[in-house]
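Scope of the values below: all heavy atoms of this structure, side chains included, with no hydrogens, waters or symmetry mates. Here is the naming used below: chain letters follow the sequence lines, and residue numbers restart at 1 for every chain.
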Amino acid sequence: MKKFLLFYLCLLVCCATQAIAQNRTVTGTVTAKEDGLPIPGVSVRVKGTTTGAPTDVNGKFSLDAASDATLVFSFIGYTTLEVPVSGRSNIQVSLTASTSQLGEVIVTGALGITRTRNQQSYAAQEVTGEEVNKTRGVNFVDGLQGKVAGLEIRQNNSLGASTNVVLRGYKSIYGNNQALFVIDGVPIDNAMNNAKDLTNSKDQSVGGGGYDYGSPVSDINPDDIENVTVLKGAGATALYGSRGSNGVILITTKKAHKGLGIVVNSSIKVSEVDKSTFPKYQHEYGAGYGQFYSDDSGYFFNFDVNGDGTPDLVTPTTEDASFGAKFDPNLLVYQWDAFDVTSPNYLKATPWVAAKHDPVTFFRKPVSTNQSIIITNGGDNGSFKLGYTKNIENGIIPNSQINKNAFDLGATYNVTPKLTVGGSINFYNTATVGRSGTGYDGTNSDARNVMTNFREWWETNVDIQDLKAAYDRTGKNTTWNYADPEGKNFGAIFWNNPYWVVDHNYESDTRNRYLGNVNVNYKPTTWLNITGRTSLDTYSALREERYDLTSIGVPYYTRGNVLYSETNYDLLANVDKDLSPDFNFKALLGGNIRRDYSSLITATTNGGLALPGLYALTNTKNSLNPPEESQTLRQVNGIFAGTTLTWRKMLTLDATIRRDQSSTLPAANNTYYYPSVSGGFVFSELLKNYTWLSYGKLRASWASVGADAPPLSIQDTYVVNPAINGVAQSAVAHTRNNPDLKPELTHSSEVGLELSFFHNRLGLDATYYNTNTFNEILPVNVSTSTGYDYRYLNAGSVRNRGIELSLTGTPLVTNDFTWRTTVNFTRARSKVTSLFKDANGQEAKNLVLGTFQNGETLNAPLGEAFSIIRGTDYVYDDKGNKVVGSNGQYLVSATSNNDIGNTNPSWTGSINNNFTYKNFNLSFLIDVREGGDVFSSDMAYGLATGLYPETSYINDLGNPVRNTIANGGGFIRPGVTATGEPNTKRVSAVDYSAFGYYRLPMKAFVYDASYVKLREAVIGYTLPQGALGKLGPIKEVTFQLIGTNLWIIHKNMPYSDPEDNVSAGNLQGIQAGAYPTTRSFSFNLKLRF
Amino acid sequence: MKKTAFIFVLATLLSACTKDLTSLNNDPKNPLEVTSASLFTQGQRQMCNVLTSSNVNINVFRLIEQQWQETTYTDESNYDFVTRQIPDEFWREFYALSLVNLERAKKVVPTDVTDPKVQKNDIAIADILEVYDYYYLLTTYGNIPYSQALDINNVFPKFDDAKTVYNDLLARLDADIAALDPSVGSYENGADVFYNGDVVSWQKFANTFKLKMGITIADSDPTKAQTVITSAVAGPGGLFTSNEDNATFKYVASPPNTNPVWVDLVQSGRQDFVAATTVLSYMHADTTSTGAQDPLRDPRLPYYFTTNSDGYYFGGDVGESASPFNAYSKPSGPALDKSSIGKVTNADFPALMLDYAETEFNLAEAAARGWIGGSAATHYNNGILASMDYWGVAQADATAYTLLPNVLYTGGALPVQLQQIALQKYLALYNRGVDAWIETRRLDYPVLTPGPDANSDFPVRFTYPINEQNINEDNYNQASTAIGGDDLTTKLFFDVN
């Protein structure tokens, strides 16, 4: 840290020197000619240099310029004006509105090729780096949330979890749906290859226990982002080949402008749990599953603790539920701490009362920091950029931290005026400790996810702070969940002490990533540009998972070494020529070779650890089994060409073609083509008389995109299992590969309308799209009576249709005050239009995507939406009433293939408001999701174990529902009898069979995932220019107070965040061991030199 | 300079283009070919695992048979099998872990075994195990995919009529018996964990299993049953004649090839299962207040269960919670109770897949029905003695047990005789829940009453896997109709009363 300060100081000195070399200060005001109001945000530049400044909210500007310089004033929608300084120190300027200028805005398209908005004929939405990085989080992708229509971002709430980034819905049933990220032309895959569980056979992504190792894109340094352009449809992305079929997110990093520029950001963040996403517990009843233990009441264990010869009441410590005795402060019970020799309550009976501190106090309020500096310099000979970001993110769970160091170095050198060479190298070092275990993780051996414990299996009499104190005192796995207190077995039976879990049973991982490229750009004439580039993205990671001795189950240490690399070789020639004043011709021709390599080697101890706390393979209890290895290679060779013809800046026709050849497909089918054609018509060019219409464009596009298979899916191999007594065992693999796979195809079309009114005070961008994906390559879940679990097939077609609306407006502008607003709206529908047929022509009716803990499945049924939840349902009569059996319990369907939920929202939307008053700025983002279902494993179990207030209420007779029926307790399940009469049979709620999974179909635990969220709010203050003068070289000082995930304004899902999911990937709509949402407040200081 | 740069880039592009792309897609870490023996071993082990396991997600038949009960989570004891998708996993383990590997072994044998006679033996033995696998699938679910099973090109296999399949299995078994040639060997060097490739042992195994298959259809198809049984008894090599002939799978003491019961009950550290009152009462485990034992007590008790913390046998009531754990008897073995002389929870306790005791009980039933000669009583006593011998009971104690009034073979009407045989067979089939379940359904004795809060009547089959419902829907619906409804209470072909 000290060194860092010193570094800052040096920079300050440098800047000061720089400042002295400048000339006089010119100030002034820019107004609009038609109404005389000041225009904020006008770019004021000294002609021929990169020196410049925007006007402030009052239209005022201030910059240094030579007395003979010329100032250039430009602003979207206004005619650019050049004004000589002519020795003046104050200049008043008024700008004339122009209707055509908006079309001249430069936008970035596929392969980073820029063009004007008039020439763009597909949907693209831009977000500035500042906007993306507003929240100063560890993963910049979160900053895109709610800011782009049609972009869905979902993740598990655990620290560092993978982020699902999906544009325009799920097109691929099993495969990768993640948008492709491209940083300055270098592709970064966000495929979910990281969400693998190292130790369990059940994949973490289908709700099994395990760790989520995060998305590779989270490495990208948010402070280095200049802007983000989201290309949504295949029309825009066909040139990227198959990986572009899910849309492309183009990231342009900061570029050096002329002269030295330094930006320093320093922020500090405090986080906390949003309690509305955490369970509320009932406080009336304590430990137990019912009334069947050994004492007279049936609620307690009964044996002599204090040695007086008479049996004592003891908490049923083995019972991870709260269906036990009613709390009574006068009742003294030997609780778990009565058996802990270090406890003040040792051998003491204590009052039977609800815990003072429930598990929400397990979470801490961590402080995180983020410091960054970026230095740029540009001149006639080239440019240079160096950035460093240090981000320490502490999680709400104790012992969880991500420590990230990001270095960005980039340089260009103009060898000759026509030849430029450049290169960049980014190094990211990420060290993480304590990613949280996800999914249902408890009953077997691991119990890594403490949320499974808190949400599903808990005793409400256990004070979590007492557990903390016990762990702090002993350093041991002292648990409330003793296996057998009477038999003096004080080991954990199902649940470890959660403080022990985070300290002893944790993972850690480090990832060193290098991302770089070398490029050559040659511009032989003004209209031809040739670029060659080699880029490499490679990382190696070490992942270690620990599970210490004395924890329940089998202790282990597992390590996995991951090596990944992607190399791209590109050659691209670009033509941009005005053939006549009315006719612009653009063309490109290029080739790309991509090579992916990945390898994983995982080794784990066998049958336990020998010594406690030693996490090494040598510490294995039995001799080590061979490590598991996998290694894959993929190469895709592509060539492509494209042309754009523009007539009178009004009509644009764009066509591209790409040919790919992939190593992952059978040689006979490994070549495929991607044509695309699109057109744009800027009709406002014909309507110049209508001054209220600033801009109007109609666009349409069609594209076809192919995709290859995952590596190693065309040839069958065997699996070698550990030998038994030296005898080899090998098995047929569970997935049958397919040597006849064909490439997958996506046809997509879209039409769009862009409108802008009243000098751009109001703008609308509307898109309708239709995407059909054919011959989807899937490992189809097959009847296991075939001897296999999966078979690779070209198995299905999915149609996605949707509407995306983006409305931007400036409802209010006065001298001091501006209000800008952006509304995004997305409505998307998917449908499985066809599935594969077998040899007899029988068509599959459904694909099972994943099977989860309680027998619920996610499905893609033929003719229905992608991702339907199926499971057991109620039995209904003709009128749709739930039928109740003679015992008063609901009848439950024998079958489990009933549709019980649809995970797709009916629409999503967001409103982003930005208010500026003088030097203050306030912005906030509200995010809305309407509809869509989520299945909660947490509720299915937590209601059964009696944790929630829903299991302890005053019934219709005015008595506690948990009373026996004889004592006026119990309740009547709403429904009808077999004969259609209303049910009047009262059922008991004295034990765990009443409210949870045990007596109810899975349908009972499907919840509406709608929400309205205040996702972020930012208050900023920029020091006025006047005050800046005293600060020497500092050109800008901004303070920001940032709140993230501030408030879930509305939701229907109890006790959790409806957005939370088991993991990233295609399987969405299931919660198991859900983490609470982290709310955070940051303070950021930005200095620009 | 610039030219050099372009030539460099261009050259790189071109050189990469010329590579043979498809060869990059070869898997360097997994083999394209393996030996038939290694596949056979895998298929054999998986078969033993699924039938031996006590994993609550796979094999819950000890609970159904009221040998064991659950301590806290009583869902399965009360016949909720769907939540854990147990029918899916049990089904899958046979088809996708055992059968597929045995079937593949048969295909690979001609390519890696040189002697045609040995080839024939290898294929016949793998086929016998396939018959064995299918037997359990049929008796668990009823109609199952068979004629179209194990064919990846048919991913919607139809379900075949159970009785038809059963008869086909018997025919296959006959063909296999005929194919076995004891003049040469079979899977050697330990690949055959049962018999190390001893063909005579396999002849005995096949005949003995055929006898079992005959007895299984004694009620549903007595004519066929009689034919099968008489032919099995006369089969080449004969039947099992002592515990030496038992088919056992020798597990090893350290993971991963350990007995799955050890994994579930010991290694996991969980405390899920205790003895059930039902089996304890049939074993007369009672201890009176004076400490005196019931004189009718079964000497196998200490080999089956531990005593509780107070030193006596105490079981969990059917379907009810049984907590705290230490108040109850547990499956035997020093791992759970140092003083226990049983071995059920030992890591290397061998799986018992077919044994001499059940063979004698089968012969007793055949004799009682008059289908074979000999004395039912002798076979009955032999069965009891064989079981006692297997578990380690001293011969004198075993003999004394056969003379107890509640054990002594009384003869009399066939139903009376069958009940006596059924009870002793039930006791002998301890720790083999699947086999015990077949017998209690077929013989309807002992009567196993569901717990007071059970989700259904006593289950007489498994419902079909959720996976079949979701992805093989038409065939599933047909099968469901054909058997009379996909319910736990739909009686199967062999269970006529």
Side-chain angles (χ1 to χ4, degrees), chain A residues 289 292 301 318 419 445 483-484 486-487 493 520 522 532 552-554 569 571 591 593 606-607 622 629-631 633 635 637 663-664 667 711-712 717-718 722 724-725 727-732 736 781-789 791 838-839 842 845-846 848 854-855 857 894-897, chain B residues 2 5-6 9 12-13 16-17 21-22 24-25 27-32 34 38-39 41-42 72 82-83 85 91-92 95-96 100-101 104 145 149-150 152-157 190-191 252 254-257 267-269 271 309 321 323-326 463 466 468-473 486-487:
Chain A
Y289 273 94
F292 34 64
F301 288 171
T318 56
L419 183 67
S445 64
D484 177 9
E486 185 174 8
I493 174 66
V520 183
Y522 179 52
I552 66 148
V554 186
Y569 306 95
L571 187 61
I593 294 168
N606 182 15
N622 301 294
E629 292 178 90
S630 72
Q631 186 179 317
L633 259 179
Q635 182 169 324
N637 299 336
S663 67
T664 68
L712 309 182
T717 54
Y718 291 92
I724 173 164
N725 278 329
V727 175
Q729 290 191 96
S730 60
V732 174
R736 177 64 173 246
N781 198 328
V782 293
S783 164
T784 53
S785 66
T786 59
Y788 294 88
D789 294 333
R791 182 184 193 195
D838 73 352
Q842 189 183 350
K845 291 186 168 166
N846 181 38
V848 174
N854 298 69
T857 50
T895 50
S896 298
N897 58 354
Chain B
K2 52 197 175 190
F6 281 121
V9 176
T12 320
L13 282 170
C17 280
L21 274 183
T22 315
L24 299 177
N25 202 25
D27 186 344
K29 298 296 180 186
N30 290 297
L32 288 170
V34 293
S38 66
L39 288 161
T41 309
Q42 178 79 19
T72 298
V82 177
T83 300
Q85 307 141 55
W91 170 286
R92 175 180 179 270
Y95 282 115
V100 70
N101 290 313
R104 183 63 62 88
L150 305 179
I152 191 60
N153 292 315
N154 187 348
V155 292
F156 307 116
V252 287
S254 66
N257 294 304
Q267 193 192 30
S268 76
Q271 304 180 345
S309 54
S321 281
S323 182
F325 190 55
N326 70 16
T463 51
I466 295 172
E468 295 294 323
Q469 300 175 26
N470 275 314
I471 60 183
N472 194 13
E473 194 181 333
D486 182 22
D487 292 306

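- Of all the heavy atoms in A:Gln635 and B:Leu24, the pair that sits closest is CB-CD1, 3.5 Å.
- Considering OG of A:Ser730 and CG of B:Asn101, their distance stands at 7.5 Å, rounded to 0.5 Å.
- Between chain B and the options A:Leu712, A:Leu633, A:Asp838, heavy-atom pairs under 4.5 Å are most frequent for A:Leu712.
- Using a 4.5 Å cut-off between heavy atoms, A:Tyr788 contacts chain B through both its backbone and its side chain.
- Highest contact tally toward chain A, considering only B:Pro145, B:Pro31, B:Ala191, B:Gly190, is held by B:Pro31 [criterion: heavy-atom pairs under 4.5 Å].
- Counting only N and O atoms by type, the side chains of A:Gln729 and B:Thr41 include no donor and acceptor under 3.5 Å apart.
- A salt bridge is absent between A:Lys845 and B:Glu473; no separation between the charged side-chain nitrogens and carboxylate oxygens falls under 4.0 Å.
- Looking at heavy atoms from C-beta onward, A:Phe292 lies out of side-chain contact with B:Ser323 at the 4.5 angstrom threshold.
- A donor-acceptor contact shorter than 3.5 Å is absent between the side chain of B:Gln42 and the backbone of A:Ala731.
- The residue among A:Gly787, A:Gly855, A:Ser663, A:Ser785 with the most heavy atom pairs within less than 4.5 Å of chain B is A:Ser785.
- Between chain B and the residues A:Asn622, A:Thr857, A:Thr318, the most heavy-atom pairs under 4.5 angstrom are made by A:Asn622.
- For B:Pro157, the part lying under 4.5 angstrom from a heavy atom of chain A is the side chain only.
- Going from atom OH of A:Tyr289 over to atom OG of B:Ser321 covers 8.5 Å, rounded to the nearest 0.5 Å.
- Between the CD1 atom of B:Ile471 and the CG atom of A:Asn846 there is a distance of 8.0 Å, given to the nearest 0.5 Å.
- Per-residue heavy-atom pair counts under 4.5 Å with chain A were compared for B:Thr72, B:Val252, B:Asn472, and the maximum is reached by B:Thr72.
- Nearest heavy atom pair, residue A:Glu486 against residue B:Asn326, reads CB-ND2, 3.4 Å.
- The contact between B:Thr83 and chain A is made by backbone and side chain atoms together, counting heavy-atom distances below 4.5 Å.
- For the residue pair A:Ser783 and B:Glu468, the shortest heavy atom distance occurs at OG-OE2, 2.5 Å.
- The choice from B:Asn154, B:Asp486, B:Asp487, B:Asn30 that makes the most heavy-atom pairs within less than 4.5 Å of chain A is B:Asn30.
- The distance from the OH atom of B:Tyr95 to the OG1 atom of A:Thr784 is 8.0 Å, given to the nearest 0.5 Å.
- Remark: B:Ile152 CD1 to A:Arg736 CZ distance equals 6.5 Å, nearest 0.5 Å.
- Among A:Val848, A:Val782, A:Val732, the residue with the largest count of heavy-atom pairs under 4.5 Å with chain B is A:Val732.
- Taking B:Val82, B:Val100, B:Asn257 one by one and counting their heavy-atom pairs under 4.5 Å with chain A, the maximum is reached by B:Asn257.
- With chain A as the partner, the residue from B:Ala149, B:Ala96, B:Ser254, B:Ser309 showing the most heavy-atom pairs under 4.5 Å is B:Ala96.
- At a 4.5 Å heavy-atom cutoff, the contact between B:Arg92 and chain A is made by backbone and side-chain atoms alike.
- Of all the listed residues (B:Ile466, B:Asn153, B:Leu39, B:Val155), the one sharing the greatest number of non-hydrogen pairs under 4.5 Å with chain A is B:Leu39.
- Judged purely by atom type and a 3.5 angstrom limit, A:Asn606 uses its side chain to pair as donor or acceptor with the backbone of B:Pro255.
- How far OG of B:Ser38 is from CD1 of A:Ile724: 13.0 Å, rounded to the nearest 0.5 Å.
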